[in-house]
Amino acid sequence: IFPTAAKAQMGTGKFQFVPSGVVKYDVGDWIPGAWTALLVRHAVDVGEAQANRPSVNQTIVQPFLNFDLPREWFLTFSPEMRYDWQRTDWYMPFNVEVGTMVTRRIMMSIEYNVAITKDLPLSKQDVEFRVGYFF
């Protein structure tokens with residue numbers, strides 16, 4: 001990850017190396033149109049982009065549970081939990097996303113996150129509206 005944030009509130013200001021791994025399992029035999037996955041990443045800073053900013057050393061665990069609903073709708077739970085190894089603090093949110101395929105190529109969704117634990121100074125609450133176009 002390249003340091004793109006000039007202000008501390010907008011990012012780490014550090015180059016980061018983030019090795020990642022994911023596994024996915026289709027639970028369609030039990031719940032038609034459903035799947036689950038687990039994404040695990042570890043972010044660590046490399047180099048000295050901005051030496052006055054704190055170092056990055058976080059483990060990110062993100063479980064996914066997706067349900068395909070009737071009429072091209074979907075419901076997804078995917079909280080991005082973080083553990084900061086330097087601060088020894090957790091960030092655990094509640095997360096839900098609902099969306100639909102508007103056309104064969106256009107997807108719209110809205111996602112809501114709210115922090116359950118507020119030890120890390122990440123967002124306390126946010127809402128994202130997305131429009132995606134599939135080529």
Side-chain angles (χ1 to χ4, degrees):
I1 298 175
F2 294 100
T4 58
K7 299 197 180 269
Q9 312 82 305
M10 303 302 285
T12 64
K14 301 276 187 169
F15 287 99
Q16 295 178 54
F17 178 65
V18 189
S20 306
V22 66
V23 292
K24 182 183 176 206
Y25 181 71
D26 184 3
V27 292
D29 292 340
W30 300 324
I31 305 167
W35 56 266
T36 186
L38 180 65
L39 172 64
V40 179
R41 299 178 284 170
H42 187 81
V44 62
D45 63 277
V46 292
E48 288 292 327
Q50 290 193 19
N52 61 336
R53 302 261 185 104
S55 294
V56 176
N57 188 5
Q58 294 183 356
T59 299
I60 302 119
V61 177
Q62 188 173 18
F64 290 82
L65 181 58
N66 180 82
F67 300 98
D68 290 338
L69 304 173
R71 297 191 177 134
E72 301 294 327
W73 284 83
F74 65 88
L75 177 67
T76 304
F77 299 93
S78 59
E80 186 179 279
M81 300 170 283
R82 292 175 177 253
Y83 182 74
D84 190 310
W85 291 92
Q86 292 178 321
R87 295 173 52 117
T88 64
D89 287 331
W90 279 96
Y91 172 74
M92 296 182 73
F94 168 78
N95 166 278
V96 63
E97 179 180 7
V98 63
T100 186
M101 294 300 294
V102 179
T103 68
R104 213 173 55 97
R105 295 185 173 259
I106 298 174
M107 183 270 306
M108 288 185 0
S109 69
I110 188 162
E111 181 178 19
Y112 175 70
N113 283 293
V114 62
I116 296 171
T117 62
K118 299 173 182 152
D119 298 331
L120 282 176
L122 300 174
S123 69
K124 294 178 183 169
Q125 180 171 278
D126 60 74
V127 175
E128 287 184 34
F129 177 72
R130 296 187 185 112
V131 176
Y133 180 79
F134 297 95
F135 295 95

*Is it the case that one hydrophobic cluster holds both Ile110 and Phe94, taking links as side-chain heavy atoms less than 4.5 Å apart, direct or via other members?*
yes
*Please check if Tyr25 and Ile31 belong to a single hydrophobic cluster, counting links between Ile, Leu, Val, Met, Phe, Trp and Tyr side chain heavy atoms closer than 4.5 Å.*
yes
Write down the atom of [X], the atom of [Y], and the distance for their closest heavy-atom approach.
{"X": "Ile60", "Y": "Ala43", "value": "CD1-CB, 4.1 Å"}
{"X": "Asp84", "Y": "Gln86", "value": "OD1-N, 2.9 Å"}
{"X": "Thr59", "Y": "Trp85", "value": "OG1-NE1, 2.7 Å"}
{"X": "Val56", "Y": "Gln16", "value": "CG1-OE1, 3.6 Å"}

*asked:* If you apply the rule side chain to side chain contact (heavy atoms under 4.5 Å, CB included), what do you find for Leu75 with Leu69, and how did you get there?
replied: CA-CA 7 Å; Leu75 177 67; Leu69 304 173; 4.0 Å; yes
Could you pull out all residues at least two apart from [X] that satisfy side-chain contact (heavy atoms from CB on, under 4.5 Å)?
{"X": "Arg71", "result": "Trp73"}
{"X": "Val40", "result": "Leu38"}
{"X": "Met81", "result": "Val61, Pro63, Met92, Pro93"}
{"X": "Thr103", "result": "Arg105, Ile106"}

*Test Asn113 against every option in Val96, Asn95, Val127 by the side chain to side chain contact (heavy atoms under 4.5 Å, CB included) rule and name the one that passes.*
Asn95
*Given Glu97, which of Phe74, Phe77, Tyr112 fulfils the side chain to side chain contact (heavy atoms under 4.5 Å, CB included) condition?*
Phe74
Report yes if the side chains of [X] and [Y] come closer than 4.5 Å at any heavy-atom pair, otherwise no.
{"X": "Val131", "Y": "Phe129", "result": "yes"}
{"X": "Tyr91", "Y": "Gln58", "result": "no"}
{"X": "Lys24", "Y": "Val22", "result": "no"}
{"X": "Asp45", "Y": "Phe15", "result": "no"}

Answer yes or no: is there a donor N or O on one side and an acceptor on the other, between the side chain of [X] and the main chain of [Y], under 3.5 Å?
{"X": "Ser20", "Y": "Val18", "value": "yes"}
{"X": "Gln62", "Y": "Pro79", "value": "no"}
{"X": "Thr100", "Y": "Glu72", "value": "yes"}

*If you round to the nearest 0.5 Å, how far is NZ of Lys124 from CD1 of Ile116?*
15.5 Å
*Under the side-chain hydrogen bond (donor to acceptor under 3.5 Å, both in side chains) rule, what pairs show up with a residue in residues 29-41, not counting sequence neighbours?*
Arg41-Glu80
*Which pairs, with at least one residue in residues 107-117 and sequence neighbours excluded, count as a salt bridge (charged side-chain N to carboxylate O under 4.0 Å, His left out)?*
Glu111-Arg130
_Intermediate values then yes/no, side chain to side chain contact (heavy atoms under 4.5 Å, CB included), Leu65 and Phe67_ = CA-CA 7 Å; Leu65 181 58; Phe67 300 98; 3.6 Å; yes
